[in-house]
Peer 1: 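Dropping the structure in here first, questions after.
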Amino acid sequence: MAEKLNNIPNIMITVLLVFQLSGCGTLLYPERRGQLSGRLDVGVVILDAVGLLFFLIPGVIAFAVDFSNGCIYLPARPLIIEHRAELRQIRFDPKHTSLAQIEKIIKDQTGRAVHLNQGDVRVTRLKSKEDMVMYFEDARKEKI
């Protein structure tokens with residue numbers, strides 16, 4: 001019985017080290033992998049910082065893993081269209097326009113850079129602003 005009690009601290013330290021080495025955000029939110037930036041998830045940062053507090057090297061590794069995977073960032077907020085009058089329709093020929101050209105058009109028109117080759121991006125042909133509003137509303141409902 002005494003041997004089992006002596007092994008408990010060793011088991012706890014091993015589990016804690018394995019948890020810290022793999023990165024808290026990576027374990028808790030694997031669906032966030034691949035995010036390039038965004039707002040930091042305070043909960044994941046605190047869990048990784050606890051690793052720094054108790055074990056310096058595993059804490060640094062946890063931060064490195066979470067930043068490299070993108071799991072430390074909060075998911076992007078869904079787009080909510082508040083002012084339909086601000087929507088603009090930009091026409092182009094999709095048969096003769098590459099994704100890079102579409103990214104440039106969006107950047108030129110909005111001032112925001114987008115990357116259409118990411119796994120979570122959907123490219124859809126819409127014919128009007130009304131179609132766009134309905135499409136965004138449907139996409140927002142899917143997320144809820």
Peer 1: I'd like to check Val45 versus Phe63 (side-chain heavy atoms, cut-off strictly below 4.5 Å). Are they in contact?
Peer 2: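 Contact flag for Val45/Phe63 side chains = yes.
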Peer 1: To the nearest 0.5 Å, what is the distance between CG (Asp66) and CG (Asp41)?
Peer 2: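 The CG atom of Asp41 is 9.5 Å from CG of Asp66, to the nearest 0.5 Å.
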Peer 1: Enter the distance from Glu103:CD to Arg112:CZ here, rounded to the nearest 0.5 Å.
Peer 2: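 So the CD of Glu103 and the CZ of Arg112 are separated by 15.5 Å.
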Peer 1: When you group the ILVMFWY residues by side-chain heavy-atom contacts below 4.5 Å and let the links chain together, are Ile46 and Leu74 in the same group?
Peer 2: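 Cluster IDs for Leu74 and Ile46 differ.
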Peer 1: For Arg33 and Cys71, which heavy atoms make the closest approach, and how far apart are they?
Peer 2: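 Arg33 and Cys71 have their closest heavy atoms at CG-SG, 3.5 Å.
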Peer 1: When clusters are formed by joining ILVMFWY residues with side-chain heavy atoms under 4.5 Å apart, either directly or through shared neighbours, do Leu116 and Leu36 land in the same one?
Peer 2: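 Different clusters: Leu116 never reaches Leu36 through Ile, Leu, Val, Met, Phe, Trp or Tyr contacts under 4.5 Å.
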Peer 1: To the nearest 0.5 Å, tell me how far Ile106 CD1 sits from Leu99 CG.
Peer 2: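 Reported to 0.5 Å precision, the distance equals 9.5 Å.
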Peer 1: My understanding is that only residues two or more places apart in sequence, or in another chain, count here; which of them pass side-chain contact (heavy atoms from CB on, under 4.5 Å) with Leu53?
Peer 2: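 Checked Leu53 against side-chain contact (heavy atoms from CB on, under 4.5 Å); zero matches.
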Peer 1: Which atoms form the tightest heavy-atom contact between His96 and Gln101, and what is the distance?
Peer 2: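 It is O-OE1, 3.6 Å.
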